[in-house]
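This report concerns only the one structure given below.
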Amino acid sequence: MYDLKYLRENLDHIRTSLGRRGNDVPWTDIQKLSEERRAVTTQVEQFRYELNKGSEEVARLRRAKEPAEEAMVAMKQLGDRIKDAEGALRKVEEALTNSALRIPNLPHASVPVGADASENVEIRRLGTVPAFSSPPKPHWEVGDNLGILDFDRAAKIAGARFSVMTGAGARLERALINYMLDQHTTQHGYREVIPPFMVNRSSMTGTGQLPKFEEDLFRMKDEDYFLIPTAEVPVTNLHREEILSGDCLPLRYTAYTPCFRREAGSYGKDTRGLIRLHQFNKVELVAFTTPDRSYEELERLTGHAESILQRLNLPYRVITLCTGDMGFSAAKTYDIEVWLPSQQQYREISSCSNFESFQARRASIKYRPTGGKKETKTDFVHTLNGSGLAVGRTLVAILENFQQPDGSVEIPPVLRPYMGGLERIENE
RNA sequence: GGAGGGGUGACGGAGCGGCCGAACGUGCCGGUCUUGAAAACCGGAGAUGGGGUAACCCAUCCGCGAGUUCAAAUCUCGCCCCCUCCGCCA
């Protein structure tokens, strides 16, 4: 979200730049409320000024043992007017903030303009798509045949869009988590975090899930807690309402967490298998940088996510999301898509975004530049994050790409140390 | 869950209802001194919002929110968080 002042002064510019992205923003209300806020603020401050002066006068009179009743009565009346004006100001600010929080981020100039996913732009394609002599099976069949995935029992104990992994399947999931975390912490310079898997309303607002997307979240019944839809939320909010020292930037964190999503609008999509679940595991990468280095950081971070796929020998491509397909909070997003042989298409396995100062403004995450003498003024950091990677979907890609004619699945060499040396998963 | 204690600036820690954005110490920045550094001494420094081309002016901020009062860091109430003890518990 924008500073209310910046918003007032640049409303037309913001509106024009957002184009279609700003369609459901109540622009007229915002304009009216912005002006109103300024007027009422000035009024309140004028009153307070008079009150302060009057109170000082009362103090002076009393010290001088002079009668102060008249001044006190006048100040009493002024106090009532202030109360009214402040009440009006609070209402205006509340309404304005609520609307302003629903304005999406401005896309970066390098983002291709487009209406929907069909206008995303592929920028590179790596790895070799495997050839199969007979049609490759979908991962749920591969997993079922091996006895490592059990969707029937998942449905029994929880419901649709849940999974149960057992035996070598569970171990493979765990191996992936550990492998990813180890890579990011020892090779890419991230600090590992285990955050809460539930967060409060302020955190959800800080990263942009609220107020607009409450229906996508699982919420506790008796407490105002939400299950995290991604580790981005707790990890970015680590530094909410903080002023970071410029020389500690960039800060890079990685976190494994389960993720919980309602998937409210996706009935009928990806109903089988592990692709779209209410609960899935993900290893996340989060970075805080200075504004001048955030796009450099986006490339870096995307590269870190890609490196996992490269080491697993999984074929993938990277696309730039066009303006119409980007999320609410992002300024620029790269999606990494892995090849799924059973679907004969690339599917998202990671989404890496630069949010610029969008989240930092909402969550008030600033830094104080260091180096120059006078550069003590604070500025908002830029925040970034990306999946590194979605664990369940990585497991899907392994089951599908490395399935063998005999029904077994070959384990990528880098994971074998994490699997007790196991080279392939066979029916037990 | 029960009983008690506490939340003040980067940190530690004061603060009779008025002259308190807040003593003092540490840390930080600049300067003097020094070949350099340390020490010592001098000086400076917060955030948010409103106005102004600017210098600058104004308002707000002592966990959060209400209230009492001409006036609240200071009094009252509610909430949140932290600590100690008891209970329960992985």
Side-chain angles (χ1 to χ4, degrees), chain A residues 1-11 30-98 100-101 194-206 220 222-226 234 237-249 251 258 357 360-381:
Chain A
M1 113 164 203
Y2 305 93
D3 303 328
L4 296 181
K5 181 181 182 181
Y6 180 84
L7 183 63
R8 186 182 74 236
E9 289 168 354
N10 299 278
L11 197 65
I30 289 176
Q31 174 149 32
K32 208 180 302 167
L33 289 166
S34 291
E35 294 304 335
E36 206 177 329
R37 183 182 89 103
R38 179 157 73 150
V40 180
T41 299
T42 308
Q43 180 69 83
V44 166
E45 291 187 355
Q46 178 62 32
F47 282 163
R48 293 215 77 103
Y49 176 75
E50 287 167 25
L51 183 74
N52 290 342
K53 288 282 173 263
S55 293
E56 281 168 29
E57 179 64 8
V58 169
R60 193 191 63 77
L61 288 171
R62 304 194 98 189
R63 264 199 305 274
K65 306 274 193 225
E66 288 174 34
E69 277 67 33
E70 200 180 319
M72 284 167 68
V73 170
M75 288 308 105
K76 172 78 174 160
Q77 286 169 353
L78 184 56
D80 290 341
R81 282 201 286 168
I82 290 177
K83 221 165 271 179
D84 290 346
E86 281 181 338
L89 180 60
R90 198 171 329 114
K91 273 179 74 179
V92 169
E93 288 201 319
E94 216 167 87
L96 181 56
T97 303
N98 198 281
L101 283 171
I194 300 181
F197 300 161
M198 290 180 223
V199 300
N200 57 31
R201 187 168 284 274
S202 298
S203 294
M204 284 295 183
T205 307
M220 299 297 113
D222 297 319
E223 308 267 353
D224 206 18
Y225 289 140
F226 298 85
N237 277 284
L238 236 33
H239 295 297
R240 173 155 53 86
E241 283 151 51
E242 289 185 17
I243 299 174
L244 305 166
S245 163
D247 51 15
C248 73
L249 296 175
L251 279 171
S357 59
R361 286 174 194 280
R362 293 177 153 241
S364 186
I365 308 169
K366 303 182 172 184
Y367 75 103
R368 195 182 301 282
T370 48
K373 297 176 194 172
K374 292 196 170 176
E375 283 188 297
T376 50
K377 254 185 94 72
T378 59
D379 192 12
F380 291 106
V381 300

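Protein chains get the first letters and strands the later ones, always in sequence-line order, with residue 1 at the start of each.
For the residue pair A:S203/A:R240, the side-chain donor-acceptor check at 3.5 Å is satisfied. A donor-acceptor pair shorter than 3.5 Å can be found between the side chains of A:E50 and A:Q46. Remark: the A:R37 side chain and the A:T41 side chain contain no N/O donor-acceptor pair separated by less than 3.5 Å.
At the phosphate of B:A59, OP1 or OP2 sits under 4.0 Å from a side-chain N or O atom of A:N52. Checking the phosphate oxygens (OP1, OP2) of B:U69, a side-chain nitrogen or oxygen of A:K76 falls inside 4.0 Å. OP1 or OP2 of B:G51 sits under 4.0 Å from a side-chain N or O of A:R8.
In the set B:A66, B:G67, B:A59, the nucleotide with an atom closest to the side chain of A:E45 is B:A59. Counting only heavy atoms from C-beta on, A:V58 has its side chain closest to B:G18 among B:C58, B:G18, B:G67. Of all nucleotides listed (B:C70, B:U68, B:G50), B:C70 comes nearest to the side chain of A:R62. Of all nucleotides listed (B:C58, B:U68, B:G18), B:C58 comes nearest to the side chain of A:Y49.
Residue contacts shown for A:R63 include a base, since a base heavy atom lies under 4.0 Å away. Within the nucleic acid shown, A:M75 comes within 4.0 Å of sugar-phosphate atoms alone, with no base atom in reach, counting heavy atoms only.
On the P atoms, B:C19 is 15 Å away from B:C62, given to the nearest whole Å. Rounded to whole Å, the C1' atom of B:A54 lies 39 Å from the corresponding atom of B:G65. Across B:A45 and B:A38, the matching P atoms stand 23 Å from one another, rounded to whole Å. One C1' atom belongs to B:C89, the other to B:A73, and the distance between them is 40 Å to the nearest Å. Using atom P as the reference point in both B:C16 and B:U76, the two lie 14 Å apart (nearest Å). For the P atoms, the distance from B:C70 to B:C57 is 31 Å, rounded to whole Å. Taking atom C1' in both B:U26 and B:G78, the straight-line distance is 37 Å, to the nearest Å. Across B:A72 and B:C88, the matching C1' atoms stand 41 Å from one another, rounded to whole Å.
Residue A:E66 places its CD atom among more than 12 non-hydrogen atoms of other residues, nucleotides or ligands, all under 6.0 Å distant. Within 6.0 Å of CZ in A:F47 there are more than 12 heavy atoms belonging to other residues, nucleotides or ligands.
For B:C16, there is no paired nucleotide, since no Watson-Crick or G-U wobble pair has both relevant distances below 3.5 Å. Figure legend. B:U34 is base-paired to no nucleotide; pairs are counted as Watson-Crick or G-U wobble with both atom distances under 3.5 Å. The nucleotide B:U60 finds its pairing partner in B:A47, both defining distances of the Watson-Crick or G-U wobble pair being shorter than 3.5 Å.
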What pairs of nitrogen or oxygen atoms, one from the protein and one from nucleotides 79-81 of chain B, lie under 3.5 Å apart?
none

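From A:K5, atom NZ reaches atom CD of A:E9 across 5.5 Å, with rounding to the nearest 0.5 Å.
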